[in-house]
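What follows is a short report on a single structure.
Everything quoted here is computed from the prediction, not taken from an experiment.
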Amino acid sequence: MSEPHRLPSPIVNAENQAFWQAAQEDKLILKLCHACKQVHYYPRTICPHCGSNDTTWVSSEGLGEIYSFTVMRRGVEFPFAMAYVLLKEGISLLTHLTNCDFNEIRIGQKVKVVFQVTQDGQNTHLFEPLN
Ligand SMILES: [Zn+2]
């Protein structure tokens, strides 16, 4: 299914540069804190759970489920769906949903990450339902 809704380009900075570089290779990576053993998102140098700067990048399987979602239909040229996806790694991220019928999205639906290029050529992550 095509996605006429144009994705906004991410803002790349020193803290998230590796994240967006991985996205260019269709990879989702997360920050893991060695001090408290928790992952976090969005990527930060300082762990938001414990304040440690002993963090490293780890690969995500890119699998999760829809925690909540909204479908935007009014005032936009093309409808689009946004969701909080709860990853298997235990964190949630705000993302677009794609490759699905917006009328059939439901809470708890299993999804996986896919990547799509934005207006300026930067890949970004979206999620699509698992069959
Ligand atoms: Zn920590």
Side-chain angles (χ1 to χ4, degrees):
M1 189 183 295
S2 67
E3 181 78 14
H5 175 67
R6 302 192 76 187
L7 295 166
S9 300
I11 296 164
V12 180
N13 60 37
E15 279 190 312
N16 66 25
Q17 191 178 5
F19 178 86
W20 293 113
Q21 204 167 330
Q24 290 299 76
E25 299 166 20
D26 290 356
K27 289 177 186 152
L28 183 66
I29 58 173
L30 303 170
K31 268 293 183 86
L32 170 71
C33 174
H34 287 298
C36 70
K37 313 293 185 208
Q38 294 186 77
V39 290
H40 65 259
Y41 180 86
Y42 56 93
R44 278 156 283 190
T45 306
I46 304 293
C47 172
H49 305 294
C50 74
S52 169
N53 65 359
D54 186 11
T55 61
T56 189
W57 293 102
V58 291
S59 302
S60 168
E61 288 184 70
L63 297 171
E65 63 179 54
I66 295 172
Y67 179 76
S68 69
F69 70 93
T70 183
V71 179
M72 312 293 243
R73 298 180 195 277
R74 294 186 182 200
V76 292
E77 192 176 355
F78 300 102
F80 63 96
M82 302 288 299
Y84 275 102
V85 166
L86 183 62
L87 291 178
K88 278 177 78 177
E89 289 84 358
I91 55 163
S92 63
L93 45 80
L94 182 63
T95 182
H96 281 81
L97 298 176
T98 189
N99 299 333
C100 58
D101 182 340
F102 293 158
N103 294 315
E104 304 205 339
I105 299 169
R106 60 184 202 282
I107 306 283
Q109 196 167 10
K110 303 276 190 245
V111 290
K112 70 174 166 67
V113 73
V114 292
F115 290 87
Q116 190 170 310
V117 68
T118 60
Q119 297 169 33
D120 67 357
Q122 170 65 54
N123 267 10
T124 191
H125 53 283
L126 303 83
F127 283 78
E128 67 177 19
L130 278 175
N131 290 319

Whether over 12 other heavy atoms sit under 6.0 Å from [X] [atom1]:
{"X": "Phe69", "atom1": "CZ", "answer": "yes"}
{"X": "Gln119", "atom1": "CD", "answer": "yes"}
{"X": "Tyr84", "atom1": "OH", "answer": "no"}

Shortest non-hydrogen contact from [X] to [Y]?
{"X": "Ile91", "Y": "Val39", "answer": "CG2-O, 3.4 Å"}
{"X": "Gly108", "Y": "Glu65", "answer": "O-CB, 3.8 Å"}
{"X": "Ser9", "Y": "Thr118", "answer": "OG-OG1, 3.5 Å"}
{"X": "Val12", "Y": "Trp20", "answer": "CG2-CD1, 3.8 Å"}

Looking at residues at least two apart in the chain, or sitting in another chain, which of them share a side chain to side chain contact (heavy atoms under 4.5 Å, CB included) with [X]?
{"X": "Lys112", "value": "Leu63, Val114, Glu128, Leu130"}
{"X": "Met72", "value": "Thr70, Phe80"}
{"X": "Glu25", "value": "Lys27"}

ask   = Which hydrophobic side chains are connected to Ile11, either touching it within the sub-4.5 Å cutoff or through other members that do?
value = none

task = Measure the shortest side-chain to side-chain distance between Leu7 and Leu126 over non-hydrogen atoms and say whether it is less than 4.5 angstrom.
result = yes

Taking side-chain hydrogen bond (donor to acceptor under 3.5 Å, both in side chains) as the test, write out the residues that go with [X], two or more places apart.
{"X": "Arg73", "value": "Asn103"}
{"X": "Gln24", "value": "Gln122"}
{"X": "Thr45", "value": "Glu15"}
{"X": "Asp54", "value": "none"}

message = With salt bridge (Lys or Arg N to Asp or Glu O under 4.0 Å) as the rule and sequence neighbours excluded, what pairs involving residues 31-40 come up?
response = none

task = Mind jotting down which residue pairs meet the salt bridge (Lys or Arg N to Asp or Glu O under 4.0 Å) criterion with at least one end in residues 78-98? Sequence neighbours excluded, please.
result = Glu61-Lys88

Hey, what do you get for [atom1] ([X]) to [atom2] ([Y]), rounding to the nearest 0.5 Å?
{"X": "Ile29", "Y": "His125", "atom1": "CD1", "atom2": "NE2", "value": "11.5 Å"}
{"X": "Leu86", "Y": "Ile107", "atom1": "CG", "atom2": "CD1", "value": "11.5 Å"}
{"X": "Ile46", "Y": "Asn53", "atom1": "CD1", "atom2": "CG", "value": "5.0 Å"}
{"X": "Asn16", "Y": "Arg44", "atom1": "CG", "atom2": "CZ", "value": "11.0 Å"}
{"X": "Gln116", "Y": "Asn123", "atom1": "CD", "atom2": "CG", "value": "9.0 Å"}
{"X": "Ile105", "Y": "Ser68", "atom1": "CD1", "atom2": "OG", "value": "11.5 Å"}

request  = Report the C-alpha distance between Leu87 and Ser60 in whole Å, list the side-chain angles of each, state the deciding distance to 0.1 Å, and finish with yes or no for side chain to side chain contact (heavy atoms under 4.5 Å, CB included).
outcome  = CA-CA 8 Å; Leu87 291 178; Ser60 168; 4.1 Å; yes

note = Contacts satisfying ring pair (Phe, Tyr, Trp, His ring centres under 6.0 Å) that involve residues 24-57 (not counting sequence neighbours) are Phe19-Tyr41

note = Only residue of Cys33, Pro43, Cys36 satisfying side chain to side chain contact (heavy atoms under 4.5 Å, CB included) with Thr55 is Cys33

message = Is there a path of hydrophobic side-chain contacts, each under 4.5 Å between heavy atoms, that joins Val117 and Phe127?
response = no

request  = Would you please test Ile66 and Arg106 for side chain to side chain contact (heavy atoms under 4.5 Å, CB included) and show each step?
outcome  = CA-CA 7 Å; Ile66 295 172; Arg106 60 184 202 282; over 6 Å; no

